[in-house]
Amino acid sequence: MSKIQFEKAAPESVGVSSKGIENFLKRLKRDGIDMHSVLIMRNRKLVFETYYAPYARNTLHRMFSISKTLTGIAIGMLADDKYIDLDEPICGRFPECEPEGGFH
């Protein structure tokens, strides 16, 4: 497994409040929300990282349906940056998959 190393920065150096992170962690605990980990990034810099037992940085675990959420976020970002048009048919992006005679 490859190790990805993110550049680290102090939260305030990229406009993130340390107090805000602290309040977030307190709320997770207060509300009894079980977490595996929390990583916070801003401007491609890791500003906070923590893991909750029995999980650690190198612990593999199931992510269930999170992939749908991340895919949706990626599509939204691509649309915002004008790389894709949400009104464009998807088949136009993959002409090699079009059946003979086209789609009906």
Side-chain angles (χ1 to χ4, degrees):
M1 180 182 325
S2 66
K3 269 190 166 177
I4 297 173
Q5 296 293 321
F6 296 110
E7 182 181 346
K8 295 181 180 181
E12 279 74 17
S13 74
V14 293
V16 175
S17 164
S18 293
K19 187 69 173 167
I21 294 172
E22 184 180 332
N23 290 339
F24 172 68
L25 297 173
K26 285 179 182 177
R27 185 169 183 181
L28 290 175
K29 186 173 184 175
R30 181 195 75 206
D31 293 349
I33 298 173
D34 293 327
M35 301 293 291
H36 296 197
S37 62
V38 175
L39 286 86
I40 300 174
M41 295 187 75
R42 176 104 194 259
N43 299 334
R44 298 180 184 236
K45 294 184 172 110
L46 183 63
V47 298
F48 181 79
E49 177 178 24
T50 191
Y51 300 88
Y52 297 87
Y55 301 99
R57 176 180 287 147
N58 295 321
T59 304
L60 296 177
H61 55 272
R62 293 178 186 251
M63 294 181 63
F64 299 102
S65 293
I66 190 78
S67 60
K68 289 181 268 188
T69 301
L70 297 176
T71 300
I73 290 169
I75 289 169
M77 292 172 72
L78 289 168
D80 281 350
D81 290 343
K82 308 292 187 231
Y83 286 107
I84 62 171
D85 178 355
L86 296 178
D87 294 323
E88 176 189 357
I90 190 83
C91 58
R93 293 278 176 173
F94 304 97
E96 70 277 8
C97 296
E98 187 173 330
E100 282 188 41
F103 293 101
H104 303 287

Option passing ring-ring contact (aromatic ring centres under 6.0 Å, His included) with His36 (candidates Tyr51, Tyr55, Phe64): Tyr55

Joint cluster assignment, Leu78 & Leu86, ILVMFWY side-chain distance < 4.5 Å: yes

Separation between CG of Leu70 and OG of Ser65, rounded to the nearest 0.5 Å: 11.0 Å

Glu12-Ser17 side chain donor-acceptor pair, cut-off 3.5 Å: no

Thr71 side chain to Ser67 backbone, donor-acceptor under 3.5 Å: yes

Those residues that, when tested against Lys19, pass salt bridge (Lys or Arg N to Asp or Glu O under 4.0 Å) (two or more places apart): Glu22

Hydrophobic cluster (4.5 angstrom, side-chain heavy atoms) - remaining members for Val14: Val16, Ile21, Phe24, Leu25, Leu28, Ile33, Met35, Val38, Ile40, Val47, Phe48, Tyr52

Atom pair CD/CG of Glu7 and Asn43 - distance to nearest 0.5 Å: 10.5 Å

Minimal non-hydrogen separation, Ala9 against Lys45, with atom names: CB-CD, 3.7 Å

Nearest-0.5 Å distance, CD of residue Glu49 to CZ of residue Arg57: 4.0 Å

Ser37: partners by side-chain hydrogen bond (donor to acceptor under 3.5 Å, both in side chains), with sequence neighbours left out: none

Distance in Å, Arg42 CZ paired with Ser13 OG, rounded so as to fall on 0.5 Å steps: 10.5 Å

side-chain hydrogen bond (donor to acceptor under 3.5 Å, both in side chains) against Lys82, all qualifying residues, sequence neighbours excluded: none

Asp87 side, atom CG; Ile84 side, atom CD1 - distance, nearest 0.5 Å: 10.5 Å

Non-neighbouring partners of Arg30 that pass side-chain hydrogen bond (donor to acceptor under 3.5 Å, both in side chains), sequence neighbours left out: none

Residues that Glu98 engages under side-chain hydrogen bond (donor to acceptor under 3.5 Å, both in side chains), provided they are two or more places apart: none

